Amino acid sequence: MAENSDNNAYWSANRRIIGISLVIWFISSFGFGILLRPLLSGIKVGGTDIGFWFAQQGSILVFLVLIFVYATKMNRLDKEHGVDE
Amino acid sequence: MDQFTLNLIVVGATFALYIGIAIWARAGSTAEFYAAGRGVNPVVNGMATGADWMSAASFISMAGIISFGGYNTSAYLMGWTGGYVLLAMLIAPYLRKFGKFTVPEFIGDRFYSQTARTVAVICLITASLTYVIGQMTGVGVAFSRFLEVDNLTGLLIGATIVFFYAVIGGMKGITYTQVAQYVVLITAYTIPAVFISLQLTGNPVPPLGLFSDHVGSGEPLLATLDGMLRDLGFNEFTQQTDTTLNIFLFTMSLMIGTAGLPHVIVRFFTVPTVASARSSAGWSLVFIALLYLTAPAVGAMGRVNLIDTFYPNGTSAEALSVETIDSEEKLDWVRNWAQTGLLQYEDKNGDGLITYVADAELNELSVNRDIMVLANPEIANLPSWVIALIAAGGLAAALSTAAGLLMAISSAVSHDLIKSQINPSISEKGELLSARISMAVAIVIATYLGANPPGFAAQTVALAFGLAASSIFPALLMGIFSKRVNNKGAVAGMLAGLGITVVYIFLHKGWFFIPGTNSFTDADPLLLSIKSTSFGAVGALVNFAVAYLVSNATEEPPAEIRELVESVRIPRGAGGAVDH
């Protein structure tokens, strides 16, 4: 049972990291790039507004950082819970 | 050396490279054929995934779509990259731990249901086959345009090359060929973009150039482009004209569709561990982002160059005259591309000028969006070896995606149908042979459909993403993240999501894509402003809701299924899962 409860702790830690990551994923693309674009139109970047930048470039850069941060955090979590290979 | 000989040499050299790799990477076992022996380095797999993912459409058409659609087309950029975040966190690592060969196999095992597996196989084959038709027509077009052979001959040459390395090498041959194809396609895409960015903005990095100042006007490039378009009556590049609801749902559909397309998911079966599946998704996005960050720059700068060409003294001055087009050497490309029909100009009002404006009555120039990539080197006066590179790059993009799709189809047939349902006692050797035969048959069918594309071929991308988003992605997600969803719930959910999405597409595009049988159009859709291409996300929601309701009203999955879910969540032991 000890192993089982540790697996549960590992899984909820994983879900927590995923949850935070997906909030950032959503805000950078659907948020800044689409829904909030009219609100942010006052902030100018390179001849246009920041919403346009997020939609065509910023969100992709955020996605890249997110995946590598997730992979690194999970490698550490795997070791902590002794489930790495 | 003339352009034709140069094209021939560059394309010939890349083809020789692909064949050489195929001979070196022969597959000797089913594990090698289906999953490249699970020994592929995560960075190498990322590069192969990049080539697998970026199709003829990404390479040839996307920059043009952005060029003419501006901000509204951001869904492609966010959707086709954001899907990799979902893959890395929600799908790839767990399916790698599961350790088998196909996506339908996971759905069948997790939901202990042959029906679920068959539904997944049908979705997979439909999505992959519609996708592959586009690649094969792309191969034919690239050959006929750059190598002056007719469409069918070009298609047959392309099919023979794919046949060679896919049938002999399986996933192993495809993986290493895709790495070479990635290098060819990204080089071909980036070089003209760098030159053009330098000419227009003085910045050699196209994604930075996009947000820099325009050398000619001293104003920011995007502000300059918006101003030019305004003068001619077009919508501004940065302006939103589509509804927020439709852009939102289209982006979501492309994202979850990406994370549910089987030919992408299986690429993560080739890496050695769960940890490497996660990092490999990151590397895939690195290699994909190199093109996707460049594409909007190519689109915007291409539009600036196009308008500059037809308004040499600015949009408020006189348009280009027919006489100039006929006499100036640097406008050779206008005449050349007019011959292909991709660019058409006609002095309708007889004033000697070619007027390019938004008003259809007055406009005298029509430009196919593919020109933005295909003619880019000529518009910017780049050397002829760059043009040869574009030919090789387009072919690399089409062939690599076609091979990945054919791989997904053949493994679904040999592993999910023959091995699992028709002849379970088949030996490893027999299964390997049947996988090779399925691959060969799939290539023949795809070649035939590429040569005789059904009228609806262009519409079916919506279908491929709709199927993946509404059926496969939700089933995988629930299979991993819920222990409660059972066989009945999963099957009911998949059928409901799939059914409503397909019906919605048919209502707008015609039943089975037969013209005239549609009741609605995407310009005036059935539900709010939701176009049929954006409906996959709604179908996915229906799938989740039905699956949860049905599962909660029926019995819990058996203990061994809950153990299976426990085991895919834990990385340790993925290596040992190879032999089974």
Side-chain angles (χ1 to χ4, degrees), chain A residues 3-4 6-8 10-11 14-15 17-22 24-26 28-38 41 44-49 51-79 81-85, chain B residues 66 70-71 74-75 77-79 81-82 84-90 93 207-208 210-214 219-226 237-238 240 244 247-248 251-252 255 272-275 278-286 288-289 292-293 295-296 481 566 569-575:
Chain A
E3 193 188 311
N4 228 335
D6 191 51
N7 283 353
N8 285 340
Y10 169 79
W11 185 245
N14 180 17
R15 283 202 319 206
I17 299 172
I18 293 175
I20 297 167
S21 306
L22 289 187
I24 301 172
W25 163 83
F26 186 89
S28 68
S29 51
F30 296 96
F32 295 157
I34 302 175
L35 300 172
L36 302 174
R37 187 180 177 212
S41 62
K44 297 293 173 195
V45 187
T48 181
D49 58 286
F52 180 88
W53 180 77
F54 267 103
Q56 301 237 329
Q57 194 170 99
S59 56
I60 301 177
L61 298 174
V62 173
F63 298 156
L64 275 172
V65 174
L66 271 180
I67 299 183
F68 282 108
V69 169
Y70 175 73
T72 313
K73 279 194 176 298
M74 287 307 289
N75 286 346
R76 202 176 308 144
L77 194 70
D78 289 353
K79 279 205 185 67
H81 290 262
V83 294
D84 57 320
E85 296 172 86
Chain B
I66 298 169
Y71 169 78
S74 306
L77 295 165
M78 288 185 282
T81 54
Y84 282 83
V85 177
L86 302 180
L87 262 176
M89 296 178 193
L90 305 177
L208 297 178
L210 179 63
F211 295 93
S212 304
D213 286 349
H214 180 224
E219 298 284 312
L221 181 85
L222 284 167
T224 310
L225 177 57
D226 278 350
F237 190 77
T238 58
Q240 179 181 334
T244 302
I247 295 180
F248 183 96
T251 308
M252 189 61 92
M255 278 196 195
T273 60
V274 171
R278 295 183 198 122
S279 69
S280 194
W283 285 109
S284 305
L285 189 55
V286 167
I288 291 166
Y292 279 41
L293 289 171
F481 284 80
E566 288 278 345
R569 291 175 177 181
I570 304 299
R572 177 161 284 177

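Labels below follow one simple rule: chain letters A, B, ... track the order of the sequence lines, proteins then strands, and each chain is numbered from 1. Not measured: the values here are computed from a predicted model.
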Atom [atom1] of [X] and atom [atom2] of [Y]: how far apart are they, to the nearest 0.5 Å?
{"X": "B:Arg278", "Y": "A:Ile67", "atom1": "CZ", "atom2": "CD1", "answer": "12.5 Å"}
{"X": "B:Thr238", "Y": "A:Arg37", "atom1": "OG1", "atom2": "CZ", "answer": "6.0 Å"}
{"X": "B:Leu293", "Y": "A:Leu64", "atom1": "CG", "atom2": "CG", "answer": "7.5 Å"}
{"X": "B:Phe211", "Y": "A:Gln57", "atom1": "CZ", "atom2": "CD", "answer": "5.0 Å"}
{"X": "B:Arg569", "Y": "A:Trp11", "atom1": "CZ", "atom2": "CH2", "answer": "4.5 Å"}
{"X": "B:Thr244", "Y": "A:Ile34", "atom1": "OG1", "atom2": "CD1", "answer": "8.0 Å"}

> Are B:Tyr84 and A:Trp25 near enough that their ring centres are under 6.0 Å apart?
Replying inline: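 When the ring centroids of B:Tyr84 and A:Trp25 are compared, they turn out to be at least 6.0 Å apart.
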Give me the ring orientation class for B:Phe248 and A:Phe30: parallel if the planes are under 30° apart, tilted from 30 to 60°, perpendicular past 60°.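 Plane angle between 30° and 60°, so tilted.
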Shortest non-hydrogen contact between [X] and [Y], atoms and distance:
{"X": "A:Gln56", "Y": "B:Gly70", "answer": "NE2-O, 3.6 Å"}
{"X": "B:Gly282", "Y": "A:Phe68", "answer": "C-CZ, 3.4 Å"}
{"X": "B:Pro220", "Y": "A:Gly47", "answer": "CB-CA, 3.4 Å"}
{"X": "B:Met78", "Y": "A:Phe63", "answer": "O-CE1, 3.7 Å"}
{"X": "A:Leu66", "Y": "B:Met89", "answer": "O-CE, 4.0 Å"}
{"X": "A:Tyr70", "Y": "B:Ala88", "answer": "CE2-O, 3.6 Å"}

* Using modelled atom types only, decide if a donor and an acceptor are shared between the side chain of B:Arg572 and the backbone of A:Glu85 within a distance under 3.5 Å. =>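 A pair under 3.5 Å: no.
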Which one wins on heavy-atom pair count under 4.5 Å against chain A: [options]?
{"options": "B:Val85, B:Leu222, B:Leu90", "result": "B:Val85"}
{"options": "B:Leu86, B:Leu210, B:Leu221", "result": "B:Leu86"}
{"options": "B:Gly82, B:Ala281, B:Ser279", "result": "B:Gly82"}

* **Selection from A:Val65, A:Val62, A:Leu35, A:Asp49 maximising heavy-atom pairs under 4.5 Å formed with chain B** =>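 Heavy-atom pairs under 4.5 Å are most numerous for A:Leu35.
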Heavy-atom side-chain contact between B:Pro93 and A:Met74 under 4.5 Å = no
- prompt: Would you call B:Pro296 and A:Phe52 a side-chain contact if the rule is heavy atoms closer than 4.5 Å?
  reply: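 No; the side chains remain at least 4.5 Å from each other.
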Is [X] close to chain B through its backbone or its side chain, or both, or neither, when contacts mean heavy atoms under 4.5 Å?
{"X": "A:Asp78", "answer": "side chain"}
{"X": "A:Leu61", "answer": "side chain"}
{"X": "A:Thr48", "answer": "side chain"}

